[in-house]
Amino acid sequence: MSTGPGADSAPAPKNPAHPGDPGSLGSPGHPGNSVSDPAPAVTAGRTRGGTFRSLRIRNYRLFATGAMISNTGTWMSRIAQDWLVLSLTGSSTAVGITTALQFLPMLLFGLYGGVIADRCPRRRLLLFTQTALGLCGLALAALTLSGHVQVWHVYLIAFLLGMVTVVDNPTRQVFVNEMVGPKDLRNAVSLNSANFQSARLIGPAVAGVLITAVGSGWAFLINGLSFGAPIIGLLLMRTGELHKVERAPRGKGQLREGLRYVAGNPELIWPIVLVGFIGTFGFNFPIWLSAFADDVFHAGPGTYGLLNTLIAIGSVTGALLAARRVVARRRLLVGAALMFGVLEMVAAATPYFWLFAALMVPIGIFSLTFNVTANSSVQLATDPAMRGRVMSLFMMVFVGGTPIGGPLVGWLTDTCGARVGFAAGGLISAAAAAAVGLILVRAGGLRLKLDLRRGHPHVIFVPRTPETEDKPLAATA
């Protein structure tokens, strides 16, 4: 059911006083967004209801089951698409162009998708978008199996998929709130990520076998048919059990209103900026992993599928750990982004395949930890009537930057080699994390303090005011 990186997350409810982020780096003017860290409340929240509590809701179970099947098909199609383009052209730049075309509509029209999601019945919209995505998959299957496929066909269908995704992504995120309600929404955010990444364990492995045995066309066919599962799930839902969610009325200036709302709130703008940098330069795995498999390690599509599967193992682990959390700390957001970038640079430099493959697991863990935490922290600070527009902006900068980053990273990879391309993406991600982290610390009126005494936290954040300078307000960084 998901069609892009980060597309598997759902919005969390707005709390007017912002008390749901007690461990974050707060900003002035938002009482209740404290930087204190009340451990007993967190402990209680982590254990209440269990990791899979959202699955007790029938409508969500239908949604999650359909998504698991279609997500598996989507991952099969992604691997087959990347390898098909590489086979047709022999160019990593062409792979980057394909990825860019799929996400270009999000960059151009992403905010309009959020307006539509805020205005229209979400279940009806999803029935339309899931049908359209399935038809795109079947069209590519027909072209490939008939032997008539050319690279421009893949480009065109990638662009059409992106156009549908403009509406599908924000609609699906907001619809999760209608299924589970505010109480279990944060848990559903993480389970959606776990669902998406669990499919990544199966899809690339199956795709590698299919491509080697019978070609890419069968992977595209299975993907197209897999969208029948979410469509059936949506039709079987009990509409009377859906939670009523406020929808925005039609009116002029709603796009500008959404942009002003985000720009005026540091709790939204800086995490979204960080998401934009990492989404643009750090998440170009189709380009890097296909290049490493083909050019560096001189292997085939099976190895490419294996590397994707190892990232998925780490991603599922990160998502399930996130499902047990009830708060979205911004120090976790920044720390996960920083570690993600550092690990990409380490992986780029390693000369051994087994070590490179092993590093895919922690890269997956930190990428999903960053993704889920970014979604949660942004969504908790969003007013319900603005949720579709804010989340469409979130997705626009996260995956909409790919049309810029994809071709650029593909060109760098072709020109300077896979190792340089991978290292550059990690360096930009780590630098952006460090810069945004410093900005959030200053916005929260904090400063970094070192305490080398035995038995004390060595790195803590304290307020800038002299009278409370010695009282630590955040846990160990």
Side-chain angles (χ1 to χ4, degrees), residues 5-6 78-79 81-83 85-86 89-100 103 197 200 204 274-315 318 336-371 398-399 401-434:
R78 284 186 181 183
I79 301 302
Q81 174 184 280
D82 297 339
W83 202 261
V85 171
L86 194 63
T89 65
S91 168
S92 293
T93 302
V95 178
I97 291 172
T98 307
T99 305
F103 297 122
Q197 298 301 329
R200 193 176 184 177
L274 179 56
V275 161
F277 272 99
I278 292 183
T280 301
F281 299 105
F283 274 72
N284 292 286
F285 294 115
I287 299 170
W288 294 322
L289 297 188
S290 60
F292 265 87
D294 190 36
D295 298 333
V296 178
F297 299 120
H298 308 292
T303 298
Y304 178 44
L306 172 64
L307 294 174
N308 278 275
T309 299
L310 290 171
I311 288 183
I313 291 172
S315 298
L338 183 62
M339 286 301 302
F340 172 76
V342 169
L343 286 171
E344 284 196 334
M345 289 187 284
V346 173
T350 183
Y352 305 110
F353 171 76
W354 62 267
L355 182 56
F356 180 86
L359 284 169
M360 297 302 103
V361 176
I363 285 175
I365 291 175
F366 284 107
S367 70
L368 243 292
T369 300
F370 166 73
N371 187 13
F398 191 28
V399 302
T402 303
I404 301 171
L408 180 61
V409 169
W411 172 83
L412 185 64
T413 301
D414 276 339
T415 304
C416 302
R419 296 190 185 279
V420 173
F422 204 6
L427 178 61
I428 293 173
S429 298

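Nearest approach of F422 to A347, heavy atoms of both residues: CE2-CB, 3.9 Å. Contact detail for A424 and L412: the closest heavy-atom pair is CB-CD2, 3.7 Å. When all heavy atoms are compared, the tightest approach of A430 to V342 is CB-N, 4.4 Å. Across A299 and T303, no two heavy atoms sit closer than the pair CB-OG1, 3.1 Å. The two residues G341 and S429 make their nearest non-hydrogen contact at CA-CB, 4.0 Å. The heavy-atom pair separating Q81 from T98 by the smallest distance is NE2-CG2, 3.4 Å.
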Determine, stepwise, if the pair L359 / L343 fulfils side-chain contact (heavy atoms from CB on, under 4.5 Å).
CA-CA 7 Å; L359 284 169; L343 286 171; 4.2 Å; yes
Can you list the steps and then say if I365 with F340 is a side-chain contact (heavy atoms from CB on, under 4.5 Å)?
CA-CA 9 Å; I365 291 175; F340 172 76; over 6 Å; no
For S91 and D414, run side-chain contact (heavy atoms from CB on, under 4.5 Å): C-alpha distance rounded to whole Å, both residues' side-chain angles, the deciding distance at 0.1 Å, then the answer.
CA-CA 7 Å; S91 168; D414 276 339; 3.5 Å; yes
Step-by-step side-chain contact (heavy atoms from CB on, under 4.5 Å) determination, V409 to W288
CA-CA 9 Å; V409 169; W288 294 322; 3.1 Å; yes
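Without hydrogens or angle criteria, T415 side chain to W411 main chain gives a donor-acceptor distance under 3.5 Å. A donor-acceptor pair under 3.5 Å is formed between the side chain of R419 and the backbone N or O of T350. Judged by distance alone, the side chain of S290 and the main-chain N or O of I287 form a donor-acceptor pair under 3.5 Å.
Under the 4.5 Å side-chain criterion, counting only non-hydrogen atoms from C-beta, V275 is in contact with F370. Side-chain contact between F356 and L307: present, with at least one pair of heavy atoms (C-beta onward) separated by less than 4.5 Å. Inter-residue side-chain proximity for V420 and T413 is flagged as unmet; no heavy-atom pair is nearer than 4.5 Å. Contact annotation: the side chain of F285 approaches that of I363 to within less than 4.5 Å [non-hydrogen atoms, C-beta and beyond]. M360 places a side-chain heavy atom less than 4.5 Å from the side chain of L289.
Remark: aromatic rings of F292 and F353 are distant, center separation not under 6.0 Å.
Taking CD of E344 as the start and OG of S367 as the end, the distance is 8.5 Å to the nearest 0.5 Å. Put simply, CZ on R78 and OG1 on T99 are 9.0 Å apart, with the number rounded to the nearest 0.5 Å. A distance of 6.5 Å separates CD1 in I97 from OG1 in T93, rounded to the nearest 0.5 Å.
Using modelled atom types and a 3.5 Å distance limit, the side chains of Y304 and D82 yield a donor-acceptor pair.
Checked against S315 for a side chain to side chain contact (heavy atoms under 4.5 Å, CB included), the options N371, L310, L368, V361 give a single hit: L368.
Note: F398 and F283 have perpendicular aromatic rings, judged against thresholds of 30 and 60 degrees for the angle between ring planes.
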